[in-house]
Every structure is written in C-alpha cells, then in structure tokens.
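One structure below.
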Amino acid sequence: MASASFSLLPTSSSSSSRRRVAAVPLSGAVALRSPLRRLGFAGAAADSLLTAHVAARIGAVVGRSGKAPRGVVSMAKKSVGDLSAAELKGKKVFVRADLNVPLDGDSNITDDTRIRAAVPTIKYLINNGAKVILSSHLGRPKGVTPKFSLSPIVPRLSELLGIKVEKADDCIGPDVEILVDSLPEGGVLLLENVRFYKEEEKNDPEFAKKLAALADLYVNDAFGTAHRAHASTEGVTKFLKPSVAGFLLQKELDYLVGAVSNPKRPFAAIVGGSKVSSKIGVIESLLEKCDILLLGGGMIFTFYKAQGLSVGSSLVEEDKLELATTLLAKAKAKGVSLLLPTDVVIADKFAADAESKVVPASAIPDGWMGLDIGPDSVKTFNAALDTTQTVIWNGPMGVFEFDKFAVGTEAIAKKLAELSGKGVTTIIGGGDSVAAVEKVGVADVMSHISTGGGASLELLEGKELPGVVALDEAVAVAV
Ligand SMILES: Nc1ncnc2c1ncn2[C@@H]1O[C@H](COP(=O)(O)OP(=O)(O)O)[C@@H](O)[C@H]1O
Ligand SMILES: O=C(OP(=O)(O)O)[C@H](O)COP(=O)(O)O
C-alpha cells in the first residue's frame with residue numbers, strides 16, 4: 001500500500017541524466033546577450049537581464065555535482081493507506097484535519113478547499129468501518145469564542161461525505177465520550193475547536209492524553225498545521241499507536257519534499273511576495289536544488305538597490321542589501337540561472353487606481369514605486385519556464401490584489417497551467433500564490449496546490465515539521 005514515501009510521483013530523473021548544455025560564460029552582461037537573443041529576447045531585455053552576477057543561462061541547465069542536496073528532509077511515514085480494513089473496522093480513529101477555512105461575517109464558508117482536501121482520508125476510514133473522531137482548530141481563539149466554533153463546517157462536510165456528521169460542543173470530557181460511544185461504524189463525530197483550550201497550543205501532555213483517550217489510533221491529515229507542535233498534532237502521538245499520515249499530508253510531502261528534492265529537471269523555482277526577509281530560507285534552500293530561479297514581487301527592489309540601481313519609492317529592505325548581493329553570488333557559484341525582472345510596472349502611489357507605466361528595471365524615477373513585473377520580464381520568464389520539467393512557485397509577482405498590478409502574477413499562473421497541460425510538474429507552494437492561481441481559474445490543472453502557507457514555506461526551507469516527525473515511520477522507505 002502507499003506509504004508517505006513520495007511514491008505517487010512521476011519518476012524523477014537522476015542528477016546524471018540532467019540535460020547539460022554548454023555553460024555560458026558568466027563574466028559579464030555582454031556574455032549573456034547573444035544566448036538570450038538566440039532565444040528570441042528583445043535587445044533591451046537581453047541587455048538589461050541583470051548583471052554579471054546573475055547567471056542568466058536560460059535553457060542552459062547547469063550540471064552540478066550529483067550529491068544529495070543539503071536540507072533534504074526525509075519524512076517517509078506510515079500512511080493511513082497502510083492500515084487494512086481488518087485494522088480499521090470498528091476502531092475509533094482520531095483524525096486531526098486542518099478545517100481552518102475562511103468564513104464571512106455570517107459564518108458562511110468562503111473557500112472550502114481545506115474541507116474538500118480532508119475528504120479522501122475520512123472516506124477511506126468510514127468505508128473501512130472505522131469510527132471517525134474528527135478534530136481541528138479554526139482561527140486563533142483565546143478561550144471559548146463562539147465565532148470560532150466549528151459548527152458552520154458540519155453541513156458542507158456532511159454534503160461532501162454523503163452522511164450526517166455529528167458535532168460535539170467540546171473536544172474532551174464526559175459529554176464527548178458519550179457521543180463517541182454512540183458512534184456507529186462508518187460514523188463521523190466532529191469535535192469542537194481544539195484551540196478553545198489553551199493547553200492545545202502549549203502542547204500540554206495531560207490535555208493530549210485526554211484527546212488520545214477518545215480513540216484507538218491516530219491519523220494526522222492537518223498539513224496546514226503540521227508546523228505546529230500542538231497537543232492534537234504532536235502531543236497526542238505519544239499516547240496513540242499507530243500514529244499515521246493521512247492522504248492529504250502524504251500528498252503534500254510527496255510534492256513539497258519529494259518532487260522538490262528529486263525533481264524532473266530542469267527544475268525552476270519562482271519566488272515572489274513582499275519581502276526578501278520572509279523568503280531568505282526558501283531562496284537559500286531552493287538554490288541548493290533548482291536549475292533556474294526566477295524572482296519577482298516586492299523583494300526584487302532590494303536586489304536592484306544592492307546592484308546600485310535607483311528604485312524610487314519601491315519597497316526596499318535596507319538591512320538586506322548585503323544579503324541580496326550574497327544570494328546573487330551564491331546563485332552564480334552554484335551555477336543556478338537566477339533571473340530578475342528586466343522591466344517593471346511602476347505606480348505613483350500604492351493604490352488600485354494609481355497612475356502606472358512600464359519602465360526598464362534600471363529606470364525607476366524618484367517618487368514612483370514598482371508594483372508588478374513588466375511585459376518583457378513575463379516574456380523572459382515564460383521562455384525560461386518553457387525549458388523546464390518541474391516548477392515550484394511561492395509568492396506573487398506583484399501587488400495582485402490590485403487588478404492593474406495583477407498582470408504579471410496572472411501571466412505566470414497561466415504559463416504554469418499551460419506547462420501542466422504538457423506534463424510539467426507544477427507545484428504551488430501555498431499562501432498568496434494559491435489565491436492568484438485560483439483567481440485566474442487554473443487551480444484544477446496544477447499538479448499540486450498546497451493547503452498550507454506557513455507549513456509549505458517551512459518544508460521548502462528544508463525544515464522538518466513536528467506534526468510529521470511525530471508519526472510512525474513507514475516500514476519501507478523509498479525516498
Ligand atoms: N512590488 C511589490 N510591492 C509591494 N508589495 C508587493 C509587491 N509585490 C507583491 N507584493 C505583496 O506581497 C504580498 C505577498 O507576500 P508574501 O506573504 O511574502 O507571499 P505569500 O503569501 O505567497 O507567501 C502580497 O500581498 C502582495 O501584494
Ligand atoms: O491557516 C493556517 O496556516 P497558513 O495561513 O500559514 O496557511 C493553518 O490553519 C495554521 O494556522 P495557525 O497559523 O493559526 O497555526
């Protein structure tokens with residue numbers, strides 16, 4: 001049966017089978033022009049593709065040493081799919097899911113992605129005659145807070161499962177135990193928000209023991225919360241055996257660890273978002289693994305400034321200028337093709353109705369700020385992406401919340417959809433990039449869209465997630 005061992009993915013090519021193309025000398029921007037022009041880039045784009053530091057080897061995939069990349073997290077865990085019908089029938093199974101979905105002011109669910117993502121594991125359990133005790137948090141309540149009740153989840157979950165889901169008003173205690181005892185085989189009981197107890201986030205062992213006492217075995221399918229060492233994600237595993245991964249958790253690991261550590265190459269990473277400081281870990285980790293790194297979003301202005309360009313009033317982290325220079329040098333040293341946008345859409349103010357125009361990255365006037373990547377950059381990025389077999393994307397290319405500055409982000413989303421249709425593995429690493437992909441309406445065609453923002457970022461940084469580490473090891477590990 002499937003264990004959480006990255007076995008669901010298309011077979012990756014080994015490092016020795018990476019496509020190697022004669023390296024383009026990196027001694028200066030001049031050296032970059034002809035290969036870029038051969039690839040069809042306009043003179044200005046080729047000329048301004050940024051600096052001698054930046055290894056702009058589009059289409060040229062870098063041969064690097066075949067040794068395992070640093071920071072590869074091996075999280076091969078036993079899966080719920082490893083549990084047979086005989087092991088599940090009549091058993092009380094504590095399932096930790098992440099049902100932390102957005103609700104509007106009237107408690108209507110505005111995005112049910114996380115509920116739908118939890119369904120395969122629950123269905124597997126009920127189809128095998130288990131009694132499912134479902135647990136989640138919602139929001140960040142301080143004590144019992146009615147607006148953070150999980151009650152609004154029940155109708156949609158019942159609809160998706162095709163059965164009536166029961167709901168408890170608490171997550172521990174005698175009333176909950178009575179409801180658990182009356183659960184039929186194939187029944188589901190949703191516990192109340194586990195964060196109504198402060199002991200949850202404190203990972204209090206006594207609280208974890210009380211949660212565990214409700215069940216015979218444990219399934220963690222809460223990927224979005226797997227980076228939290230809380231009682232229901234980590235503590236409970238000390239009292240319940242087996243403790244296994246659900247199908248969603250397994251799929252997230254397959255893609256965010258498996259596909260990224262052992263990708264079909266060429267492998268491109270696209271990193272955007274507001275600040276370099278929030279993405280340092282991810283950029284450093286991806287530099288160890290990818291062939292091409294495309295940078296966009298607000299962070300690019302720190303890189304521009306580090307290279308002596310004027311950035312007007314664009315977002316800059318003055319204390320990260322040195323870091324930006326170091327990252328560019330690191331990319332060069334590792335032979336990674338790091339591309340910065342060659343043109344940007346600038347605005348006269350940070351507003352949806354701002355005046356805007358497109359300028360080369362080297363010509364941002366005083367008083368103007370860059371809020372999106374420009375059309376030449378989109379062309380350049382698309383051409384680079386056309387050479388790839390695996391792409392991971394984290395962070396928007398611009399202020400996509402304002403339509404006027406969403407064009408670059410939406411173009412990348414469309415490109416990834418197109419590549420996905422051609423068999424390229426496309427992974428959207430959580431957070432705002434997921435919102436962008438959904439806005440464009442191409443979420444369904446991507447290979448994988450992560451359900452966890454913070455959790456996916458930590459995985460991409462090469463960190464281990466406590467909620468995963470705590471689970472039982474898979475018997476056979478095939479990383
Ligand atoms: N050029 C820019 N200037 C200011 N903010 C930007 C710029 N480009 C993108 N952003 C903002 O970055 C935010 C997303 O950043 P971040 O949280 O790091 O990404 P993610 O949520 O994908 O991890 C968005 O709200 C977006 O408006
Ligand atoms: O929504 C979540 O995280 P995310 O916003 O990083 O995707 C998870 O449910 C974790 O919630 P938390 O950040 O309150 O622990």
Side-chain angles (χ1 to χ4, degrees), residues 96-102 111 113-115 117-118 136-142 148 150 193-195 200-201 221-230 232-233 252 270-283 295-304 311-317 341 344-347 349-352 354 356 361 364 368-374 377 392-409 412-413 428-439 449-461 465-467:
R96 176 55 158 103
D98 188 333
L99 305 176
N100 183 26
V101 292
D111 177 0
T113 305
R114 281 180 169 165
I115 306 178
S136 177
H137 72 285
L138 181 77
R140 293 175 175 173
K142 299 275 168 270
F148 291 120
L150 283 167
N193 192 337
V194 75
R195 285 192 186 169
E200 160 68 358
E201 290 177 72
D221 212 19
F223 175 73
T225 323
H227 57 319
R228 310 286 185 215
H230 291 174
S232 67
T233 60
E252 296 271 12
I270 311 168
V271 181
S274 53
K275 294 178 182 165
V276 197
S277 50
S278 61
K279 300 288 166 84
I280 301 167
V282 148
I283 294 174
L295 296 183
M299 73 172 70
I300 58 175
F301 303 101
T302 301
F303 285 88
Y304 290 161
V311 293
S313 45
S314 305
L315 189 67
V316 168
E317 290 173 277
V344 287
V345 185
I346 55 170
K349 58 181 175 185
F350 189 86
S356 68
I364 301 174
W368 290 72
M369 63 184 80
L371 294 187
D372 195 8
I373 62 173
S377 309
I392 183 149
W393 182 18
N394 183 292
M397 296 291 97
V399 183
F400 77 107
E401 296 92 335
F402 300 156
D403 285 347
K404 216 171 189 174
F405 307 104
V407 178
T409 301
I412 294 295
I428 316 299
D432 280 337
S433 359
V434 175
V437 162
E438 275 165 359
K439 191 174 166 206
I449 298 217
S450 180
T451 56
S456 65
L457 208 57
E458 290 202 14
L459 264 192
L460 292 176
E461 286 171 2
L465 308 184

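Order of appearance sets the numbers: ligands from 1, and atoms from 1 within every ligand. The figures here come from the full heavy-atom set of this structure, side chains too, leaving out hydrogens, waters and symmetry mates.
- For ligand 2, the polar-atom distance check finds an N/O of His137 within less than 3.5 Å of one of the ligand's N/O atoms.
- In terms of heavy atoms, Ala347 sits closest to Leu371 at CB-CD1, 3.6 Å.
- Residue contacts with ligand 1: Ser433 is included, with a non-hydrogen atom under 4.0 Å away.
- Put simply, the side chain of Trp368 never gets that close to the backbone of Gly370: no donor and acceptor are under 3.5 Å apart.
- For Lys279, every heavy-atom contact with ligand 1 shorter than 4.0 Å involves the side chain, none the backbone.
- Distances between N or O atoms of Gly452 and those of ligand 2 include no value under 3.5 Å.
- For atom 7 (O) of ligand 2, a protein non-hydrogen atom is found at a distance below 4.0 Å.
- Among protein heavy atoms, the minimum distance from atom 11 (C) of ligand 1 is reached at Ser274 CB, 3.9 Å.
- Near Asn394, the atoms of ligand 1 lying under 4.0 angstrom from a non-hydrogen atom of the residue are 23 (O).
- Distance from atom 1 (O) of ligand 2 to its nearest protein heavy atom, with residue and atom name: Arg114 NH1, 2.9 Å.
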Review point. Salt bridge (charged side-chain N to carboxylate O under 4.0 Å, His left out) between Asp403 and Lys439: does it pass, once the steps are laid out?
Key: CA-CA 11 Å; Asp403 285 347; Lys439 191 174 166 206; 3.3 Å; yes
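- Residue Phe402 places every heavy atom at 4.0 Å or more from ligand 1.
- Note: no N/O pair closer than 3.5 Å links Lys275 and ligand 1 by distance alone.
- Ranking protein heavy atoms by distance to atom 14 (O) of ligand 2, first place goes to Arg140 NE, 2.7 Å.
- Taking every heavy atom of Leu371 and a limit of under 4.0 angstrom, the matching atoms of ligand 1 come to 1 (N), 3 (N).
- The nearest protein atom to atom 5 (N) of ligand 1, hydrogens excluded, is given as Val399 CG2, 3.7 Å; this is a heavy-atom distance.
- Separation of atoms CD1 (Ile115) and CG (Leu99) is listed at 6.0 Å; rounding is to 0.5 Å.
- Taking only nitrogen or oxygen atoms, main chain and side chain alike, Arg228 reaches within less than 3.5 Å of ligand 2.
- Rounded to the nearest 0.5 angstrom, Glu461 CD and His227 NE2 are separated by 10.5 Å.
- For ligand 2, one of its N or O atoms has an N or O atom of Gly454 under 3.5 Å away.
- Checking only distances, Asp372 never comes within under 3.5 Å of ligand 1, N or O to N or O.
- Side chain of Ser314 to main chain of Phe301: no donor-acceptor pair is present (N/O by atom type, distance under 3.5 Å, no hydrogens or angles).
- Given atom 10 (C) of ligand 2, the protein heavy atom at minimum distance is Gly224 O, 3.4 Å.
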Exercise for review: With side-chain contact (heavy atoms from CB on, under 4.5 Å) as the test, would you mind laying out the steps for Leu315 and Met299 before giving the verdict?
Suggested key: CA-CA 7 Å; Leu315 189 67; Met299 73 172 70; over 6 Å; no
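- With ligand atoms numbered from 1 in the order given, ligand 2 contributes 4 (P), 6 (O), 7 (O) to contacts under 4.0 Å with heavy atoms of Gly453.
- At least one donor-acceptor pair closer than 3.5 Å links the side chain of Thr409 to the backbone N or O of Gly398.
- When Val282, Val271, Ile283 are each tested for a side-chain contact (heavy atoms from CB on, under 4.5 Å) with Leu460, only one passes: Val282.
- Set against the non-hydrogen atoms of Asn100, the atoms of ligand 2 under 4.0 Å away are 1 (O), 2 (C), 8 (C), 9 (O), 11 (O).
- Between Pro341 and Ile373, the shortest heavy-atom contact is CG-CG2, 3.4 Å.
- Look at Arg195 and you'll find a heavy atom under 4.0 Å from some atom of ligand 2.
- Residue contacts with ligand 1 for Phe301 involve side-chain atoms from C-beta outward but no N, CA, C or O (heavy atoms, distance under 4.0 Å).
- Considering only non-hydrogen protein atoms, atom 27 (O) of ligand 1 sits nearest to Glu401 OE1, 2.6 Å.
- The two atoms that bring Thr233 and Thr225 nearest to each other are CG2-O, 3.9 Å, heavy atoms only.
- Residue-ligand proximity, Asp98 to ligand 2, at heavy-atom distances under 4.0 Å covers atoms 8 (C), 9 (O).
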Review point. Hey, mind stepping through Asp98 and Phe223 against side-chain contact (heavy atoms from CB on, under 4.5 Å) and telling me if it holds?
Key: CA-CA 7 Å; Asp98 188 333; Phe223 175 73; over 6 Å; no
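- Among the atoms of His227, none of the N or O lies under 3.5 angstrom from an N or O of ligand 2.
- Here the heavy atom of the protein found nearest to atom 14 (C) of ligand 1 is Asp432 OD2, 3.0 Å.
- For the pair Ala455 and Leu465, the tightest heavy-atom approach, listed with the atom from each and the gap, is O-CD2, 4.1 Å.
- Counting heavy atoms of neighbouring residues, nucleotides and ligands inside a 6.0 Å radius, atom NZ of Lys404 exceeds 12 of them.
- Judged purely by atom type and a 3.5 angstrom limit, Arg114 uses its side chain to pair as donor or acceptor with the backbone of Thr451.
- For Pro396, no nitrogen or oxygen atom sits less than 3.5 Å from a nitrogen or oxygen atom of ligand 1, counting backbone and side chain alike.
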Practice item. Take Ser232 and Glu200 through the test side-chain hydrogen bond (donor to acceptor under 3.5 Å, both in side chains) and record every step on the way to the result. Key: CA-CA 7 Å; Ser232 67; Glu200 160 68 358; 2.6 Å; yes
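- For a threshold of 3.5 Å applied to N or O pairs, the pair formed by Gly370 and ligand 1 contains at least one separation below that value.
- Of all the heavy atoms of Glu201, none lies under 4.0 Å from any atom of ligand 2, so neither backbone nor side chain is involved.
- Atom 7 (C) of ligand 1 has as its closest protein heavy atom Gly298 N, 3.3 Å.
- Within the 3.5 Å criterion, the main-chain N or O of Gly298 finds no donor-acceptor partner in the side chain of Lys275.
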